[in-house]
Structures are given as C-alpha cells and as structure tokens.
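Just below is one structure, and these are the notes that go with it.
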Amino acid sequence: MSRKIAGFLIALGAFMVFEWVNLGFNLQDGHETSFYVVHGILIAVNIILAIVLVAIGWRGFRNRRGDAG
C-alpha cells in the first residue's frame, strides 16, 4: 500500500469519527425512541468502520516506512 493511500485511509477514518460524533450531538429532541435507536446503531457501526480504516491505514503507513524500495 502506498503512503498516499495509507494517509487517505487515516484521514478518512478521522473525518468519519468527527462527522458521526458531531451528528450524535446534533440530534434534536422530540423524536420517537426508534429514531434514536436506529441512529445510535448507525453511529456505532460507522465509528467501528472508521477505527478499522485508521488501523489499516496506520499499518500500511508503518510497514511502508520500513521498505527500502
């Protein structure tokens, strides 16, 4: 994996965490419970995906640095 792709994955994961946490704080009151359950599940799944992307990007970035050519 190239350093550009690894950096992109790290940046994408960081953006996803920021965006979904921000969405969680911006949910308005007054909706049904099912609305909050569905959005809570969406937020949790997307944060897990973001962590996986950051881990893959970090591993690719770290392994690429040790290569001689």
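Note: hydrogens, waters and symmetry copies are ignored here, and every other heavy atom, side chains too, is used. When a residue number appears, it is its place in the shown sequence, counting from 1. Since the structure is predicted, the reported quantities are computational estimates derived from the model, not experimental observations.
Note: the hydrophobic cluster containing Met1 does not contain Val54 (ILVMFWY, side chain heavy atoms under 4.5 Å, direct or indirect links). Note on Phe18: it does not cluster hydrophobically with Ile51, by side-chain heavy-atom contacts below 4.5 Å among ILVMFWY residues.
Going from atom OG of Ser2 over to atom CZ of Phe61 covers 10.5 Å, rounded to the nearest 0.5 Å. Interatomic distance, CG of Leu23 versus CG of Asn46, reported as 9.5 Å (0.5 Å rounding).
Among residues two or more places apart in sequence or in another chain, the side-chain contact (heavy atoms from CB on, under 4.5 Å) test is passed with Phe15 by Glu19. Scanning for side-chain contact (heavy atoms from CB on, under 4.5 Å) contacts around Val21 gives Val17, Phe25, Ile47, with sequence neighbours left out. The side-chain contact (heavy atoms from CB on, under 4.5 Å) check on Leu53 picks up Leu9, Leu12, Met16, with sequence neighbours excluded.
The aromatic rings of His39 and Phe35 sit tilted, their planes meeting at an angle between 30° and 60°.
When all heavy atoms are compared, the tightest approach of Ala6 to Gly60 is CB-C, 4.1 Å.
When the options Ile43, Leu42, Ile48, Leu49 are evaluated for a side-chain contact (heavy atoms from CB on, under 4.5 Å) with Val45, the one that passes is Leu49.
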